[in-house]
Number of protein chains: 2
Amino acid sequence: MPNSTHSKRPTQRTIAAKVGISVGAVSRALANDPQMAEETRALVHKTAQELGYSPDRAAQRLRTGRTQVIYLILPPHEEILGFGTLLIGGISARLEGTPYHLVVLPDFGHDESAERIRRVVRDKLADGIIFSRTTPDDARIKFLLEADFPFVSHGRSELATPHPYVDFDNFTFARQAADMLIKRGARRIGILLPPERFTFRQHLLHGFMKAVRASGIDHEILEGVSLDSDADTISAQIHQRFGEKNAPDGLILPGDVSGLAALAAIQDRGLVAGQDVQVVVKQTSGVFDLVRPRVASLYEDLSAAGETLADLLLKRIEGTPATDLQYIQPISGFLRDA
Amino acid sequence: MPNSTHSKRPTQRTIAAKVGISVGAVSRALANDPQMAEETRALVHKTAQELGYSPDRAAQRLRTGRTQVIYLILPPHEEILGFGTLLIGGISARLEGTPYHLVVLPDFGHDESAERIRRVVRDKLADGIIFSRTTPDDARIKFLLEADFPFVSHGRSELATPHPYVDFDNFTFARQAADMLIKRGARRIGILLPPERFTFRQHLLHGFMKAVRASGIDHEILEGVSLDSDADTISAQIHQRFGEKNAPDGLILPGDVSGLAALAAIQDRGLVAGQDVQVVVKQTSGVFDLVRPRVASLYEDLSAAGETLADLLLKRIEGTPATDLQYIQPISGFLRDA
DNA sequence: CTCTGTATTTTTAACGTTATAAATACATAT
DNA sequence: ATATGTATTTATAACGTTAAAAATACAGAG
C-alpha cells in the first residue's frame, strides 16, 4: 500500500470551495485575466497563497500542451573541463524564477543527438532545445527549423535560413592569440583545431590566418590530432612534433584539456613553455591560473553563454524572430603569463 | 490550415479505433495485463508500433501521480573539475532505456538545497531525488525520510534511521594516501580537509589518523583553508605554510582543484613536488595525468558513482528497503608519479 | 418597462491516461 | 432450463487544468 500520502495537496477546486466561486473562475483569476473582477482576483490570489497552492504541472501540460521543460543535449566530449556543469549553471540561473525545468541528456555515441532531438520533438517532451557543437550544414538545425520547434544552438551553422544561436567569438580568439604569440617573438606558430566538421573550426582557422597573413609569419596546423583527440594522443603527437625539424615555437590551444596535454608534452621534451615555446590557451575552467609554468590564456565564459542560451530560447518560445536571437559572445578576459 | 490527420500524434484512441476495441482495452493491453487475451495484446502492440504511438507523459503523470522524473541537485561548489558532468553522465547512462528523465538543478546560494528538496516533495515534481555533500545530521535526509520520499544521497549521514547512499571510500583513500607518503620518506604529513560540517571530512580524517597512529609520524591538518576554499586562497595559504618552520614534506589533497592549487604554491615556493614535497591527490577528471611534475593520484570514479546512484534510486522507488541500498565505492585506480 | 450592452461568472467539454465497476459471451454444473 | 463460473471486454469516472460558450446581473438607452 504505497498510497500513504492521501491527497492533501490543494487544487483550484480547494480554492474555489473556500472562496465560493467556480473552478474556472479560479483558473482565470490566477492567470490574471483582466476580464475577472479585480476584487475576485485579489481574493483568489490571497487564498491560494494561504493554502499553499501550486499548480499541477502535469495537468497544465496535458491541457495546454506546454511542457515547461527545456532540454539540454550535452556533447559526449569534454575537451573543456566542466563544460557541462558551467553551461548548466548558466542556463539554470536564467531559468530560476521561471516555471521552466531543465532536463539534461548527455549524448553518448556519435551523432545520436539528432535522433534524441527527433524524439523530443515527436513526443513533445519539451518547449525548447539547446545543443552544441554545430556543423555548417547541421542536420539537427535543419530538422528543427523544418519542424518549427524552438531551439538555440551553441555554435553557428551556414544554412540559408537564419536561426537562433549563441557562439563564442572564436575568430577573434584565434586572431588575438596569434598576435600575442607574434608579439612575443614566435617565429613559427601552430594551432590545434577541432575536427573538420564543426563550424567553429572555420572561425578559428580564419582568425588564425588573418593574423598570419597580416604578419607573414611561418605557421602550421597541427596534424594528426584535433581538439577532440584524447589527451594522451594530443600529448604524444605534440611531443613527436617537437622532436622533428622546424617545430613551431608558438602554440594556440583552444581548450583546457588540449592545453594541459600540450604543456605536458612540451615539458616532457625538456622545453619550457613561455620561454622556448610561447603558448596561448583558451580556458573556461580557471585551471590555467593554477598551472605552472603560467601561460597566457583567454577566457570563454561558459556560464554566461548558458545564461544567454536560456534567455534567447525563452524569447524564441515566446515568438521573437530568429534574426533577433543571434549572439556572438566576446572573449571575457585574459590572463597574462607572469 | 488543413491538418488534423497529418500532424496529429497517435493516442490510445487512435489505436482503439483502428483495432476496433475500446480505449480501456488498449491501455490494459499495452500494460500487458494478463487479463487481456494474448491475441488482443499482440495486435495492440503491433498497431501501436505501426502508428508510432508513444504514451503521453503528462496524461500518465496526471492519472497515476508518477512523474518519471529524477531530480539531481548539484552542489554550488566545484572543488572537483567536472563533478556535475561526470555524475550526470553516469546517472543518464543508467537511466537510458528507462522512461525516466533527469532534471538538474544547481544549488546556488548556501543551503537552499533543503528548500529545493522541500518543494520537489511538496509539489511532487519527481519520483526520486539525488543530492550530494551530506552532513552527519543532514536536515534534507531527515526530511526525506520523514516524508517517505525516495532518494539516494551521495555521501553518508550518521542518523539512526538507515537510508540509501553511495559514498566514496574516503577513509581508505586517506589511509592509503598517508601510507604512500610515509613510504616515500615523508617526515611530516599534512592533509587538506573539507569544511567541518560534511560527513566525509570525518572519514578522511579517520583514515588519515589511522595511518598516522600506526606509524607515529608527525602530522597536521592544514589550517585556515578547506577543500571548499577558492583556489587562490588554498594556494596562498599553502604558500605561506611552506614559508614557516616545520612545514610538512608530504601533502594529501582530496580534490582536483585543491591539488592544482597546492602544486602551484609548492612550485611558486621554489620547491619541487615529488622531490622536496611528496604529494598524493584524489582526482576524478584525469587532469593529473597531464600535470607536471607528475604526482601520485588516486581515482574516484564519479561516472560509476552516478550509475550506482541512479540504480539504487530506481530500486528504492520500486520499494527495496534502504538497508539493501547502501554502497561504499572503492578507489578505482591510481597513477604513480613517474 | 423593455432592449441592449457590458462586466463578470458559471457551465461544459475537453487533454490522454488508467483504475474500477459493470457488462457480455460462453461454457459448465446443477 | 437455471444457476454459476470464467474469461474477456466495455463503460464510467476521475486526475487538475483551461479554452470557449453560455448564463447571469445590472447598467443605461430608448
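Labels below follow one simple rule: chain letters A, B, ... track the order of the sequence lines, proteins then strands, and each chain is numbered from 1.
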Rounded off to whole Å, could you give me the [atom1]-to-[atom2] distance for the [X] and [N] pair?
X: L43(B); N: dT8(D); atom1: CG; atom2: P; value: 15 Å
X: D123(B); N: dG16(D); atom1: CG; atom2: C1'; value: 14 Å
X: R13(A); N: dT10(C); atom1: CZ; atom2: P; value: 15 Å
X: M36(A); N: dA7(C); atom1: CE; atom2: P; value: 15 Å
X: L30(B); N: dT9(D); atom1: CG; atom2: P; value: 13 Å
X: I15(A); N: dT18(D); atom1: CD1; atom2: P; value: 11 Å
X: N32(B); N: dA19(C); atom1: CG; atom2: P; value: 14 Å

Side chain proximity check, [X] to [Y], heavy atoms < 4.5 angstrom:
X: L72(B); Y: I70(B); value: no
X: I117(A); Y: F151(A); value: no
X: F131(A); Y: I141(A); value: yes

[X] side, atom [atom1]; [Y] side, atom [atom2] - distance, nearest 0.5 Å:
X: I73(B); Y: H154(B); atom1: CD1; atom2: NE2; answer: 15.0 Å
X: T67(A); Y: D127(A); atom1: OG1; atom2: CG; answer: 3.0 Å
X: Y53(B); Y: R13(B); atom1: OH; atom2: CZ; answer: 12.0 Å

- Query: Pairs in or reaching into residues 89-98 of chain A: which pass side chain to side chain donor-acceptor pair (under 3.5 Å), with residues at least two apart or in two chains?
  - Reply: R94(A)-D311(A), E96(A)-R116(B)
- Message: So for atom CZ, which belongs to R41(B), do other residues, nucleotides or ligands contribute more than 12 heavy atoms lying within a distance under 6.0 Å?
- Response: yes
- Query: At under 4.0 Å, does any side-chain N or O of Q35(B) touch on OP1 or OP2 of dA7(D)?
  - Reply: no
- Item | Side-chain N or O of T11(B) closer than 4.0 Å to phosphate OP1/OP2 of dC15(C) | no
- Message: At a heavy-atom distance below 4.0 Å, what parts of residues 54-66 of chain B sit against DNA chain D?
- Response: L62(B), R63(B)
- Task: Tell me which residues in residues 22-29 of chain B put a heavy atom below 4.0 Å from DNA chain D, sorted by number, or none.
- Result: S22(B), A25(B), R28(B)
- Please determine which of R133(A), R140(A), R118(A) meets the side chain to side chain donor-acceptor pair (under 3.5 Å) test together with S113(A). R140(A)
